[in-house]
Amino acid sequence: MKNKILRAALALLLACALLPTGAPARALSLFGSDDGIVQSTLEDDGVLRVYLKSLGDPQNLTLTLAGVYTVEHDAGFRFARNTEIVLSDSGDTIYLCVGGLTLDMGDSLTLTRQASDEAENGIYIAESEKDNLYVGDLTVTRNDGGGLRPVLSIQMEDYLCGVVAYEMSDSWPLEALKAQAVAARTYAMQRKWNAGDRDYDLVDTTADQVYKGYDPQYTNVLQAVEETAGVVGTYNGGFATCYYTASNGGTVALPSDVWSGDGDYGYLMRRDDPYDLANPNSLVTSLHFSRKAEGSPKLKAMLLDAADEALAEQGIEDIRIEEVLSVTPAEEKVEGSRMYTKLRFSLKLSYSEMVYIAAEGDIGAPMPATDSAAANQVLFSIDYLRRLRRACPFELGPVRRELAEPVEVELDVYGQIKDELDLGLNGSDYELVSVVEEGDGYTIELRRFGHGVGMSQRGAQRMAGVEEMGCTEILKFYYPGMTLEKIDWDAPELEELEALPESVGRARAEPTPTPTPAPLPELEDGQYYAVVQLGDASSTLNLRQAPTTQSQVVAQLASGRRLIVCGEADGEGWVQVRTAEYEGYVKLEYLKAE
């Protein structure tokens, strides 16, 4: 682990970008007065629960406390700065090892952060990829299947410092980093609003957003987060899902282009992206071949196999490609998506045919050949008799003939071009294919690194750098139907250790089993009982605060859960329901009346 004294000294030199010990610092927004950002009416405490899934549910966690921590605000169970502790899964309980002591902590514990006068106030986790600071409270639970499950409770702006630095590079233009901060903040809020009664809001991997902790050397990232503090994107009364991708290949995709399922994505638009396409750092893989299909033996073999199959019924063999006349993308995966699934090749082909050839000393010219095999057979027979009568030598040999018409064949973009020719950029099939015709041949190009939905990070880099466009211009290009709003997080200040109630030992409630749903009340007029019916018994149904997919999730109802339907469904299929504990809206199609 790096020297903590040097780290603290570096942090003091960067005081203008420091993380606070309590509520996040408030820098004046550097957005212009005409940037279209409005004060939000949405309320939230700005705290995220991040499941540190990148750690892989380890058997042990080695922690260095860069601050004063307690176990669940118990002043009698506290740890001084720089204390090193080890949490271990023993098979049936969590052990906490510190200073030669081993303590039985049961199935879970929470290390809570207290106020500190020092710049650093967080936890270093030895098992993490980076030697970075995790700023917040850490809850560690023992999984039923074994291993430890760490969930970090962290303020939004602190979280973003550990996201933007790894979703973009600190060296990128500031306005691109600011756009990334707003997109990442909005995505995190949307995930939080849809977490329901889950014990975390999002994970720290690419399944959501990469989070790797706080590092003070990323000064541009820290500035971008501060200058956009609280700014989020909203749509239809909730938070937009601000998808973003490394490179879209020149076309912004819609979620329906690449994923199954439905949703209200009216703030997104499928459109050309000249900025991504013009960025020389946007990834592209390519293959060049000549007009005779030379340059790639694999491609040539695939074309010949396809041509053999196309001409099989005509009995033509020994095919040769004389010229590739054209190469055209075809058959879009989704209409308008430009995700072409086929490449169509028009080929000029030749084949071999056996004919009589004049030998040395032949006193008569051979009979001319025609395009008719039957006629040729007659001519060859006549020629044979002529030669036989005059005792002249003759030979049977091959000649090449071109087919009168071009032959069209197709190759699969994702199965053959991408995989067999090793041109793929992604594990899933997101790439866009294009063909450039040049003087000596053709070049096949595959673009799009990532799913292509929402903001292109390479496009944003180009817009902010070469084009000198601002953060809001970038966001409005990629999320044209989204409204930018500013939330003032009502974050509580950290408690001083001296302000905690006096106690000795652990002062926290014992774990309780999962509660059984309370009985349903009596029906009122127009109401009826129903059961949640899902295709997968392990799935859950989101109970939302309002009849829209953008609304906050109140709870997650298991398949088979009984509830009361309060009336008729609206035009979109939403119906109001209630249980003994909750009230909200679900889609009627997922209910079965009793």
Side-chain angles (χ1 to χ4, degrees), residues 4 7-8 11-12 15 17-27 43-52 61 63-85 87 94 96 98-99 101 103 105-106 108-125 132-141 150-162 188 192 199-201 211 213-214 216 225-226 229-230 487-512:
K4 298 298 186 295
R7 185 187 293 275
L12 288 172
L18 282 177
L19 288 169
T21 58
R26 284 289 166 260
E43 296 182 357
D44 192 84
D45 61 4
V47 177
L48 293 173
R49 299 166 301 165
V50 184
Y51 173 19
L52 304 181
L61 282 174
L63 311 175
T64 299
L65 306 181
V68 177
Y69 273 79
T70 63
V71 174
E72 286 114 31
H73 297 288
D74 182 347
F77 203 164
R78 62 191 181 193
F79 302 100
R81 178 178 292 275
N82 294 327
T83 298
E84 293 191 5
I85 65 176
L87 302 177
I94 297 175
L96 185 154
V98 57
L101 295 175
L103 305 173
M105 302 302 294
S108 68
L109 75 152
T110 298
L111 295 169
T112 54
R113 190 170 56 130
Q114 310 302 145
S116 172
D117 294 331
E118 301 289 337
E120 282 191 323
N121 198 1
I123 299 175
Y124 288 97
I125 303 175
N132 288 346
L133 190 68
Y134 286 75
V135 182
D137 299 343
L138 186 66
T139 298
V140 180
T141 306
V151 175
L152 181 72
S153 294
I154 183 172
Q155 290 292 321
M156 173 67 79
E157 307 307 326
D158 296 343
Y159 164 75
L160 290 175
C161 292
K192 178 179 180 179
D199 68 344
Y200 66 94
D201 299 318
Y211 168 76
Y214 169 74
V225 172
E226 281 197 86
I487 300 177
D488 293 323
W489 311 117
D490 188 19
E493 292 191 5
L494 297 179
E495 293 180 278
E496 297 285 346
L497 187 63
E498 294 76 11
L500 297 176
E502 292 187 7
S503 62
V504 288
R506 296 165 57 199
R508 62 189 178 107
E510 293 297 324
T512 58

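Worth knowing before you read on, the calculation uses all heavy atoms, side chains too, and leaves out hydrogens, waters and symmetry mates.
Between Ile154 and Tyr134 there is no side-chain heavy-atom pair separated by less than 4.5 Å. Between Met105 and Val71, the closest side-chain pair of non-hydrogen atoms falls below 4.5 Å. At least one side-chain heavy atom of Ile125 sits less than 4.5 Å from a side-chain heavy atom of Leu52. In this structure, the side chains of Leu109 and Phe77 stay at 4.5 Å or more apart for every pair of heavy atoms. Within the 4.5 Å cutoff, the side chain of Leu138 has no heavy atoms near those of the Tyr69 side chain. Thr83 is not listed as a side-chain neighbour of Arg78, based on a closest heavy-atom distance of 4.5 Å or more. Inter-residue side-chain proximity for Tyr124 and Leu133 is flagged as met; some heavy-atom pair is nearer than 4.5 Å.
Closest non-hydrogen pair, Pro150 versus Tyr51, comes out as O-CD1, 3.5 Å. Contact detail for Val47 and Ser153: the closest heavy-atom pair is CG1-CB, 4.3 Å. Minimum interatomic distance between Ser116 and Asn121 (heavy atoms only, all atoms of both residues): CB-ND2, 3.7 Å. When all heavy atoms are compared, the tightest approach of Tyr214 to Cys161 is CD1-CB, 4.0 Å. A pairwise comparison of heavy atoms in Gln114 and Leu494 identifies O-CD1, 3.9 Å as the closest pair. Considering all non-hydrogen atoms of both residues, Ala229 and Glu157 come closest at CA-OE1, 3.8 Å.
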Would you check, one step at a time, whether the test side-chain contact (heavy atoms from CB on, under 4.5 Å) holds for Ile487 with Met156?
CA-CA 11 Å; Ile487 300 177; Met156 173 67 79; over 6 Å; no
Just do the side-chain contact (heavy atoms from CB on, under 4.5 Å) check on Arg113 and Val135 with the steps written out, would you?
CA-CA 9 Å; Arg113 190 170 56 130; Val135 182; 3.2 Å; yes
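Between Leu48 atom CG and Leu152 atom CG the span is 9.5 Å, to the nearest 0.5 Å. Between Leu87 atom CG and Leu103 atom CG the span is 10.5 Å, to the nearest 0.5 Å. For the atom pair Ile85 CD1 and Leu63 CG, the distance stands at 5.0 Å (nearest 0.5 Å). For the atom pair CG of Leu61 and CD1 of Ile123, the computed distance is 10.0 Å after rounding to the nearest 0.5 Å.
Listed by chain and residue number, Asp201 satisfy the salt bridge (Lys or Arg N to Asp or Glu O under 4.0 Å) test with Arg49 (two or more places apart in sequence, or in another chain). Every residue was checked against the salt bridge (Lys or Arg N to Asp or Glu O under 4.0 Å) condition with Asp137, not counting sequence neighbours, and none meets it.
Checking side-chain atoms of Thr70 against main-chain N and O of Ala75 turns up no donor-acceptor pair under 3.5 Å.
Note on Asp117 versus Arg81: no salt bridge recorded, every NZ/NE/NH1/NH2 to OD/OE distance being 4.0 Å or above.
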